[in-house]
Amino acid sequence: MAQLILFPDKERSVLRRHPWLFAGSVGRLEGRARPGDTVEVLADDLKRLGRAAYSPRSQIRARMWSFDPDESIDDAFFKRKVAQAVARRETLPELRGQDGLRLIHAESDGLPGIIADRYGDTVVLQLTSAGADKWRKAIVAALIQTTGCARIFERSDSDVRGLEGLEPITGWIHGEPPAGPLTIMENGVHLGIDVVGGHKTGFYLDQRDNRRLLGELSAGKTVLNCFCYTGGFSLQALAGGASGVLSIDSSGPALDQARANLALNPHLAADRADWQEADVFLALREFRKAGRTFDLIVLDPPKFAPSAAHAERAARAYKDINLLGFKLLNPGGLLMTYSCSGGIGLELFQKIVAGAALDARRDARIVKRLQGSADHPIGLAYPEGEYLKGLLVQAD
Ligand code: SAH
């Protein structure tokens, strides 16, 4: 095994169990290692720190598999780690029996670069790092053994693979493709999942709890769901008794799936739902001009700031939609607003929303802080895992 030897003092983050080693921390590589190979990590004084996946093309030069310098990284390791991640979820009552569930949440589950989402008896696997890519076979075998799933689809087409020098890979890697459309039941609502063509692995499972909360708030309310994707929030609002739900997304295929999802739920009042294919930034301005208002507004935009470098432009975009959101909110109304940008922390996000309320001349207060569901845990040693943050804000 090649040895990755860190510069002096650069072992501190490893000792705190942070899984990433940046290029600037790495002094030298002794021996030969190809992308994804397991290397031994040593401090400058040659103290052994653990084992990591080497990724020469990436600024994240290595990702720690283990902080135990004697733990073998082999098929048995992945079997153990995958089983642990799945078992962890079974201990949480709110996750037990969920049809749609994130089984492995990468770094926060001790498996850097590995995401696995289960939709019924189908698992979707996404590998985003050189190390994860190298261990595909072991990971797939571990998933089959642990979950007994009927099939696995690989959706390794995230942009971040490019940073690791990896090509996109997609396709069925275990079992037969499903005979018909894939559906899950979430908070009492049926949802179709397009694992091949949908966003990410097909669905945004991280918002499960927040969608349920929206349902609980919706009785008798007029709801505006911005960036609705396949209608997850919209359907919960209808199920909760909203008097009307207007949903906006710029993606035609997402809206087609949203309409199909509504049709899967004949118990919902379809006549209360309207779908609009539009740019939210423009649509909200049009509503403003037309004097339209709502009791409950959801803003769940895509990642405006993938990294801290984009934070400033992203901040302006968040400010813009939140300002418009406040202006369209009826007195006493609720704004449910999110950022899933890693580059925008909670503190900054709250500042942006506060600035938006001020500019909209609305007195408002946070009544709840929101985060991802429990199957998207945040490793305590890995604060980067806290990408999704939300605020439920009530305005006078
Ligand atoms: N709330 C959704 C997830 C939203 S993902 C859920 O619970 O499933 C973000 C969505 O924003 C995507 O569907 C994308 O198509 C849409 N989108 C991105 N930019 C947009 C824009 N400027 N206007 C409208 N929709 C946009």
Side-chain angles (χ1 to χ4, degrees), residues 98-102 117 119 124 158-159 183-184 186-187 189-195 197-215 217-218 223-240 245-262 264 273-287 296-306 310 313-314 316-325 328 335-342 344 370-373 375-376 387-392:
Q98 287 289 354
D99 253 9
L101 188 71
R102 175 150 297 190
D117 288 340
Y119 302 108
V124 183
S158 155
D159 292 344
T183 61
I184 61 163
E186 185 192 78
N187 304 318
V189 159
H190 296 283
L191 296 162
I193 310 290
D194 178 3
V195 299
H199 296 179
K200 304 219 280 186
T201 66
F203 194 53
Y204 294 88
L205 289 168
D206 51 359
Q207 291 282 29
R208 182 193 312 108
D209 294 352
N210 298 324
R211 286 190 282 258
R212 192 190 54 230
L213 173 64
L214 182 76
L217 297 168
S218 291
V223 178
L224 172 64
N225 180 16
C226 299
F227 310 95
C228 69
Y229 187 47
T230 58
F233 278 103
S234 315
L235 268 56
Q236 288 302 322
L238 290 171
V245 181
L246 174 56
S247 309
I248 306 176
D249 203 282
S250 56
S251 158
L255 288 171
D256 289 342
Q257 178 77 63
R259 288 192 191 92
N261 285 345
L262 181 54
L264 288 174
D274 285 300
W275 309 97
Q276 190 174 324
E277 184 175 336
D279 180 331
V280 164
F281 290 85
L282 301 178
L284 296 190
R285 287 193 162 76
E286 289 301 317
F287 295 158
L296 202 41
I297 298 179
V298 180
L299 299 173
D300 184 23
K303 211 190 288 177
F304 291 148
H310 304 81
R313 212 183 54 198
R316 278 198 295 275
Y318 286 116
K319 169 89 177 275
D320 194 26
I321 50 168
N322 280 281
L323 173 63
L324 287 161
L328 299 177
L335 180 68
M336 189 183 255
T337 181
Y338 297 95
S339 162
C340 61
S341 295
I344 304 261
L370 307 166
Q371 63 176 55
S373 308
D375 48 342
H376 296 63
Y387 65 101
L388 179 64
K389 52 244 143 212
L391 300 171
L392 183 64

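For ligands, and for the atoms within them, numbers begin at 1 and follow the listed sequence.
The proximity of C226 to ligand 1, defined as any non-hydrogen pair under 4.0 Å, does not occur for either the backbone or the side chain. Under 4.0 angstrom from ligand 1, the non-hydrogen atoms of Y204 all belong to its side chain. By the criterion of a heavy-atom distance under 4.0 Å, both the backbone and the side chain of S250 are placed next to ligand 1.
Every N/O-N/O distance between S251 and ligand 1 stays at or above 3.5 Å. Polar contact with ligand 1: absent for P302 (N/O pair, distance under 3.5 Å). Here's the thing with D279: one of its N/O atoms is less than 3.5 angstrom from an N/O atom of ligand 1. Residue-to-ligand polar distances keep F203 apart from ligand 1: every N/O pair is separated by 3.5 Å or more.
Compare I321, D300, L299, N210 by their heavy atoms: the one nearest to atom 3 (C) of ligand 1 is in D300. Of the listed residues (R211, Q207, Q236, Q276), the one carrying the non-hydrogen atom nearest atom 7 (O) of ligand 1 is R211.
Looking only at atom types and distance, the side chain of Q207 has a donor-acceptor partner in the side chain of D300 under 3.5 Å away.
The residues D320 and R285 are annotated as salt-bridged, a charged nitrogen and a carboxylate oxygen being separated by less than 4.0 angstrom. Remark: K200 does not engage D117 in a salt bridge, criterion side-chain N to carboxylate O under 4.0 Å.
Taking all atoms of both residues into account, the shortest heavy-atom contact from L214 to F233 is CD2-O, 3.4 Å. Scanning both residues, A254 and D249, for their nearest heavy atoms gives CB-OD1, 4.3 Å. Scanning both residues, R212 and N187, for their nearest heavy atoms gives CB-ND2, 3.5 Å. Contact detail for L296 and S218: the closest heavy-atom pair is CD2-OG, 3.7 Å.
Distance alone, capped at 3.5 Å, is enough to place a donor-acceptor pair between the Q236 side chain and the E186 backbone. Between the side chain of S373 and the backbone N or O of D375, no donor-acceptor pair lies under 3.5 Å.
The contact set between ligand 1 and H199, taken as ligand atoms under 4.0 Å from a residue heavy atom, comprises 12 (C), 13 (O), 14 (C), 15 (O). The ligand atoms of ligand 1 that sit less than 4.0 angstrom from a heavy atom of A278 are 23 (N), 24 (C). In the vicinity of V280, heavy-atom distances shorter than 4.0 Å reach the ligand 1 atoms 21 (C), 23 (N), 24 (C). Within ligand 1, the atoms closer than 4.0 Å to a non-hydrogen atom of F233 are 1 (N), 7 (O), numbered from 1 in the order shown.
Atom 4 (C) of ligand 1 has as its closest protein heavy atom F227 O, 3.2 Å.
Ligand 1 lies less than 4.0 angstrom from a heavy atom belonging to D249.
In this structure, the ring of F203 has its center no less than 6.0 angstrom from the ring center of Y119.
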